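A quick note: this is a predicted structure, and the numbers were derived from the prediction, not measured. Atoms within a ligand are numbered from 1 in the order they appear, just like the ligands themselves.
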Amino acid sequence: NSFLASYHTQRDQLMGQTLETNRAYAAKLADVTEGFFVATQDQLAYSAEILAAGFADQPLMDNEVRRLTQQSDTFNTALVVRADGVVMASSANYLVGQQLTSAGAREALHNKLPAISHPYLGVNDRLVVMISHPIYDSKRRYLGYVGGAIHLRSRNILHTLLGVHHYRDGSSLYVVDADGTLIYHEDQGRVGEDVTANTVVQALLRSEQGAERLTNLRGVDMLAGYARVPASSWGIVAQRPTEVTLRDLDTLVWSTIRNAIPLMILSLLLLAWLSKFIVRPLRDLANMAPELDAADAPERLEKVGGWYYEADRLKRGLLTGVTLLHQKLGRLNQENVTDPLTGLTNRRGLEQTLDSWRQQGAPFAVAILDVDHFKRVNDTYGHDIGDEVLRFLARQMRESARVSDLLCRSGGEEFVLLLPGAGLEEALGAAQRLCDRIACTISPTGEAITVSVGVADHRGHDETVEALLKRADQALYGAKRTGRNRVLAG
Ligand SMILES: Nc1nc2c(ncn2[C@@H]2O[C@H](COP(=O)(O)OP(=O)(O)OP(=O)(O)O)[C@@H](O)[C@H]2O)c(=O)[nH]1
């Protein structure tokens with residue numbers, strides 16, 4: 001953007017400078033031309049004075065026209081014209097004796113004043129501008145005029161005066177008369193052309209001077225300065241095509257862009273490469289978001305490379321959140337499978353463990369314990385003591401079990417002991433030891449209580465958990481039925 005803005009600024013500056021240069025140049029040339037006309041009129045006034053003194057003197061007149069053409073390059077032709085329009089003397093011999101009827105001649109004879117004519121077609125169809133001065137004798141009688149013709153389509157004083165103004169940089173110069181007709185142009189063929197449709201010429205015809213950007217009659221975008229020559233009401237236009245003015249700047253801009261492209265591509269590639277590295281940890285973290293409850297989420301989070309400060313903070317924040325989530329989930333899960341009264345695994349936990357062990361196919365055994373006459377305990381000592389007794393039983397189980405055993409309260413006053421890797425005999429032994437221990441330990445009632453136990457070992461994949469528990473239950477029922485405080489196998 002700043003590159004574009006700078007380009008536009010420089011472009012505007014360049015055009016502004018060119019307009020101002022052309023304006024100043026046109027004004028300077030207008031001054032020079034004005035000076036030329038004043039000097040030329042003085043020169044003709046001097047001749048008129050000489051001729052007034054000897055108007056009938058042919059050698060004097062011949063000498064004067066010779067002097068006017070030879071002394072300087074001002075005129076292509078010089079002539080002395082009598083009041084009736086007959087040429088008395090001329091540097092162009094063929095004119096002598098001719099009666100002039102051209103517009104310029106008629107104008108000079110009619111006005112009887114110093115004049116610069118409009119361009120007109122003279123003898124031999126030459127496009128001519130006539131500068132003339134009246135000749136009056138000592139009694140102020142009008143004798144005729146002395147004049148100098150400038151042949152617009154031949155090499156003339158304007159070429160010397162205005163110099164070679166068609167430069168290689170595309171600058172050019174042209175002059176229009178008071179009617180908007182070209183009287184000087186680099187292309188001689190255009191001299192005499194009516195160019196009043198040109199907006200700059202229109203401004204000159206309104207007696208304005210200045211500078212403006214325009215599209216000329218040939219459709220060329222131009223930066224033109226223009227100024228008037230008061231003596232002749234001519235307008236001088238100095239101009240340069242806008243395209244030529246801006247060409248160097250445009251070339252510079254394009255070469256800058258061309259040179260900058262490899263660097264820009266390199267920068268873009270670097271940016272893409274960098275953004276990939278910046279985005280990678282964020283993308284990894286975002287991909288993990290839906291699976292934050294997975295058991296391995298903390299380890300996977302730890303592996304995400306948070307190589308910059310913000311990503312690392314995000315990762316640490318997520319890690320903290322995930323750890324808390326997992327702790328919470330763990331607690332909830334634990335509570336979900338724990339019996340609140342005894343702290344042992346509840347029925348749900350028991351079933352989950354049994355299913356999992358059964359699927360693994362490893363050997364194990366179960367022992368179902370039921371407090372004997374627990375209703376009596378409640379009835380006799382109250383429900384709170386009953387609860388204390390249940391907690392007491394849980395303690396006894398904990399103290400007599402192995403670390404690998406799973407201790408459950410499956411409901412009411414019923415407990416289950418899961419013995420991984422144990423066969424029937426081993427399970428019966430463990431159950432009996434527990435049964436004996438309870439029977440000889442004082443319970444919260446102040447007396448020992450007893451339990452009945454049914455034991456069964458898992459018979460492999462084919463046996464369902466329900467079938468296994470049913471066998472153990474039946475054994476328990478047998479123990480109750482045959483007197484309680486005993487262990488039976490199912
Ligand atoms: N204190 C207390 N009592 C419970 C709880 N759950 C079940 N009970 C009681 O346990 C008793 C079980 O009684 P029964 O099923 O008749 O069995 P029992 O009296 O132990 O007799 P047997 O099992 O035949 O020896 C009922 O009185 C229940 O109210 C509990 O969480 N706390």
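- Summarising the geometry, atom CD1 belonging to Ile116 is positioned 7.0 Å from atom CH2 belonging to Trp234; distances are rounded to the nearest 0.5 Å.
- Salt-bridge formation is detected for the pair Glu291/Arg300: a Lys NZ or Arg NE/NH1/NH2 atom is positioned less than 4.0 Å from an Asp or Glu carboxylate oxygen.
- Side-chain atoms of Asn259 come within 3.5 Å of backbone N or O of Ser255 as a donor-acceptor pair.
- Ligand 1 is surrounded by Asp370, Val371, Asp372, His373, Phe374, Lys375, Asn378, His383, Gly386, Asp387, Leu390, Arg409, Gly412, Glu413, Lys480, Arg484, each with at least one heavy atom closer than 4.0 Å.
- For the pair Arg395 and Phe392, the NZ or CZ position fails the cation-pi test of under 6.0 Å to the six-membered ring centre and within 45 degrees of the ring normal.
- Side-chain atoms of Ser275 come within 3.5 Å of backbone N or O of Leu271 as a donor-acceptor pair.
- Side-chain N/O atoms of His159 and Gln188 include a donor and acceptor closer than 3.5 Å.
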